[in-house]
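Take a look at the structure below.
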There are 2 protein chains.
Amino acid sequence: MSVMDRPIGILIISHGSPRAEANRGFEALVARVASRLQPADVLPAFFSIVRPDIPDQVAAMASRGVRRILLLPYFLYSGQHVTVDIPALLDQCRNQFPDVALEVLPNLENDPVLEDLLVERLAPWAGEDEVFPQEGAAIEQQSYRIIQQQLADWASSQPDADQIVRRVIHATADLSFARTLRIHPQAVSRGIEALADGQPILCDVNMLKAGMTKIRNEILCAIDWPEVAALARADQSTRAAAAMTHLAPRLEGAIVAIGNAPTALWRILDLTRNGGPRPALVVGLPIGFVGAQQSKRALLESDLCYITNTNHRGGSPAAAAAVNVLALMAHERNPDV
Amino acid sequence: MSVMDRPIGILIISHGSPRAEANRGFEALVARVASRLQPADVLPAFFSIVRPDIPDQVAAMASRGVRRILLLPYFLYSGQHVTVDIPALLDQCRNQFPDVALEVLPNLENDPVLEDLLVERLAPWAGEDEVFPQEGAAIEQQSYRIIQQQLADWASSQPDADQIVRRVIHATADLSFARTLRIHPQAVSRGIEALADGQPILCDVNMLKAGMTKIRNEILCAIDWPEVAALARADQSTRAAAAMTHLAPRLEGAIVAIGNAPTALWRILDLTRNGGPRPALVVGLPIGFVGAQQSKRALLESDLCYITNTNHRGGSPAAAAAVNVLALMAHERNPDV
């Protein structure tokens with residue numbers, strides 16, 4: 001393979017254990033990760049005790065023509081190894097391979113997923129006798145209190161955007177949205193304006209339509225329409241994508257909400273290119289292991305106004321929550337909306 | 001506080017770093033976890049380098065009357081420290097505090113959440129040029145191939161139950177369901193039978209109803225019915241709970257599906273106790289930080305036939321997927337269903 005074919009290598013670094021099973025388990029983990037990131041060049045490396053170590057793997061990648069290596073320390077916090085010892089090792093590697101760029105990615109420290117994991121693992125032994133509120137408003141208040149507490153370190157500089165983050169987490173019980181949600185600086189103002197203007201919401205699946213319980217605007221979901229099924233058969237796409245093409249005449253100025261199908265988001269990106277209709281806002285939160293993440297990256301890189309996120313998670317509850325909070329904000333500013 | 005008030009203590013153990021910020025970060029993490037597990041007694045302990053260490057915290061808990069301590073090693077794999085050094089330390093503690101039971105919980109090794117986290121973090125640098133299938137069946141096939149690959153180590157001894165696990169993960173893109181789903185040994189057969197018998201499905205929210213796209217049976221969701229709103233006001237509960245009371249005359253032999261409200265699941269548990277109506281199956285997957293996990297634990301401990309899970313995650317897409325796969329199985333066995 002040429003340098004162009006594999007410009008980047010990824011090393012996942014573990015401490016290394018005197019216990020062989022532990023090292024084999026780590027190597028198996030990296031192999032599974034690599035299989036999900038194909039065709040990327042992903043290898044394990046041990047910081048110490050056992051081989052292959054970091055210089056071994058940098059040399060192996062360099063010999064294959066890799067010229068940029070990203071290193072992810074599979075460590076739970078930024079201790080001495082991550083902040084001092086690994087950087088020192090990398091300096092040695094840089095001396096040996098001056099034409100290979102080495103970049104260290106953040107380790108796992110402070111990831112809300114880990115906090116969630118601990119709570120989930122320990123919860124069976126805690127709070128057995130706790131009394132829970134049984135009334136809707138009290139439950140919601142307590143949920144937001146918990147979320148607020150968990151996100152103390154995660155507040156952005158956009159209070160409106162933070163409201164969206166909190167509501168999406170409330171709807172999904174998934175704190176990782178605090179890290180993965182991306183909200184265009186104009187998303188809130190444009191979304192509120194479109195709702196106030198009576199623009200329709202075009203969505204991909206009926207589940208999302210059912211979840212937008214705060215919306216008084218027209219909600220269009222064409223996935224079940226017979227003409228859409230015919231269109232999907234004709235162009236060998238999904239019904240969710242064909243539905244977006246079918247609704248294209250309503251796209252100008254509308255809000256698009258996608259909670260399921262990456263193909264619907266790809267289709268919106270196609271339709272809006274090159275002088276196509278311009279939606280006011282695209283809430284793009286398709287879900288799944290096949291293309292969801294990539295379709296959202298394409299949305300981020302487009303010139304559309306977006307609310308989206310950066311991983312394979314998403315879903316109708318998340319997309320519905322994002323649109324619902326815009327409707328609540330619009331209503332707050334103008335009770336007629 | 002008496003021994004009865006706080007029978008259990010929980011220690012989360014980190015390696016300990018010469019870098020003070022790293023240790024402070026860990027202590028802050030444990031404080032956040034503890035706040036979510038209130039009123040449980042949760043403390044950090046360092047395996048080495050810094051204090052408080054494990055003997056310090058065992059002594060502190062013992063002096064407060066704790067008589068059972070669970071220790072969760074916050075380590076990424078079962079290396080030398082987890083398998084040899086910490087057990088040796090605990091033997092010393094047992095000699096010093098013979099009336100305190102010390103139990104070690106599994107560390108983070110092999111948790112699918114970590115694999116997911118690595119893939120998510122690294123994906124922006126991988127697979128830029130990958131071509132994705134655009135056609136529904138091909139997307140679904142590729143998704144199931146990825147899930148199958150990821151769950152290679154997680155297959156249960158129940159192939160039917162595994163189908164439910166895979167479909168829930170396909171719907172949610174959340175591999176943690178492989179670890180958290182709990183499927184009663186008779187859940188599949190009873191669910192299929194109830195569907196074949198034409199029993200209705202009682203569900204808590206319209207989003208779940210909209211997601212049960214494979215169902216030909218009657219689906220009842222009463223959350224929006226005016227008489228239910230009045231009932232909820234009268235007994236100061238949620239509309240989701242009141243809806244279950246309102247639908248109680250249809251409960252005998254039915255399938256219950258809950259994808260949102262813990263209060264709906266608590267209500268089902270109340271209604272079915274002491275000679276109340278017996279649903280064929282309860283798909284109990286409410287979501288959220290307030291009571292969801294506890295309501296599901298109560299379902300697991302009840303005498304009902306269940307499909308549920310053990311953490312705060314859940315949701316309408318997960319519940320819909322579980323019921324949909326039962327319908328597909330029923331249809332496979334008898335195409336008239």
Side-chain angles (χ1 to χ4, degrees), chain A residues 8 10 12 17-19 22 25-26 29 32-33 35-37 40 70 72 74 76-80 83 109 111 113 115 117-123 125-127 132 134-136 139 142-143 146 149-150 173 206-207 210-211 236-238 263 287-291 293 311-313 315-317, chain B residues 8 10 12 17-19 22 25-26 29 32-33 35-37 40 70 72 74 76-80 83 109 111 113 115 117-123 125-127 132 134-136 139 142-143 146 149-150 173 206-207 210-211 236-238 263 287-291 293 311-313 315-317:
Chain A
I8 292 184
I10 294 170
I12 304 179
S17 170
R19 204 166 156 270
F26 171 69
L29 167 68
R32 291 195 302 270
V33 170
S35 76
R36 285 173 68 184
L37 294 171
L70 304 169
L72 192 157
Y74 189 60
L76 288 166
Y77 51 84
S78 300
Q80 190 78 4
T83 59
E109 188 169 57
D111 198 295
V113 165
E115 185 175 320
L117 183 58
L118 288 173
V119 170
E120 177 200 303
R121 294 267 193 114
L122 292 170
W125 289 280
F132 296 100
Q134 296 295 320
E135 188 267 319
I139 294 169
Q142 186 167 334
S143 171
I146 291 170
Q149 205 174 322
Q150 298 314 310
N206 283 310
M207 210 171 182
Q236 293 192 301
S237 66
T238 62
T263 53
I287 193 167
F289 297 111
V290 183
Q293 189 164 17
N311 68 357
H312 55 276
R313 298 261 176 88
S316 292
Chain B
I8 292 184
I10 293 171
I12 304 179
S17 171
R19 204 167 156 269
F26 171 70
L29 167 68
R32 291 196 301 270
V33 170
S35 76
R36 285 173 68 184
L37 294 172
L70 304 169
L72 192 157
Y74 189 59
L76 288 166
Y77 51 84
S78 300
Q80 190 78 3
T83 59
E109 187 169 58
D111 198 295
V113 165
E115 185 175 320
L117 183 57
L118 288 174
V119 170
E120 177 199 303
R121 295 267 193 115
L122 292 170
W125 289 280
F132 296 100
Q134 295 295 321
E135 188 267 320
I139 294 169
Q142 185 167 334
S143 171
I146 291 170
Q149 204 175 323
Q150 297 315 309
N206 283 310
M207 210 170 181
Q236 293 192 300
S237 66
T238 62
T263 53
I287 193 167
F289 297 111
V290 183
Q293 188 163 17
N311 67 358
H312 55 277
R313 298 260 176 88
S316 293

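Here is how names work: the chains are called A, B, and so on, in the same order as the sequence lines, proteins then strands, and each is numbered from 1.
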Under the ring pair (Phe, Tyr, Trp, His ring centres under 6.0 Å) test, residues paired with Phe26(A) that sit two or more places apart = Phe46(A), Tyr74(A)

request  = Would you mind telling me which of Ala210(A), Gly25(A), Gly136(A) has the largest number of heavy-atom pairs within less than 4.5 Å of chain B?
outcome  = Ala210(A)

task = Please state whether the side chain, the backbone, both or neither of Phe289(A) comes within less than 4.5 Å of a heavy atom of chain B.
result = both

task = Enter the distance from Ile8(A):CD1 to Leu70(A):CG here, rounded to the nearest 0.5 Å.
result = 5.5 Å

query = With chain B, which of Thr238(A), Val290(A), Leu118(A) has the greatest number of heavy-atom pairs at distances under 4.5 Å?
reply = Val290(A)

ask   = If you tally heavy-atom pairs under 4.5 Å against chain B, which of Glu135(A), Gln80(A), His312(A), Glu120(A) wins?
value = Glu120(A)

ask   = How close do Ala22(B) and Gly79(A) get, heavy atom to heavy atom, and via which atoms?
value = CB-CA, 4.1 Å

Between CG on residue Leu122(A) and CG on residue Leu37(B), distance to nearest 0.5 Å = 6.0 Å

ask   = Can you tell which of Glu109(B), Arg121(B), Gln134(B), Met207(B) has the highest number of heavy-atom pairs within less than 4.5 Å of chain A?
value = Met207(B)

task = Could you tell me which of Ser143(B), Ser237(B), Ser78(B), Gly211(B) has the largest number of non-hydrogen atom pairs under 4.5 Å with chain A?
result = Ser78(B)

query = Leu76(A) versus chain B, heavy atoms under 4.5 Å apart: side chain, backbone, both or neither?
reply = both

ask   = What part of Ile139(B) lies closer than 4.5 angstrom to a heavy atom of chain A: side chain, backbone, both or neither?
value = both

note = With chain A, the option among Leu117(B), Ile146(B), Val119(B), Ile287(B) that has the most non-hydrogen atom pairs under 4.5 Å is Val119(B)

query = When only pairs under 4.5 Å are counted, which of Ile12(A), Val113(A), Val33(A) shares the most heavy-atom pairs with chain B?
reply = Val33(A)

request  = Counting only heavy atoms closer than 4.5 Å, note whether Gln293(A) contacts chain B via side chain, backbone, both or neither.
outcome  = side chain

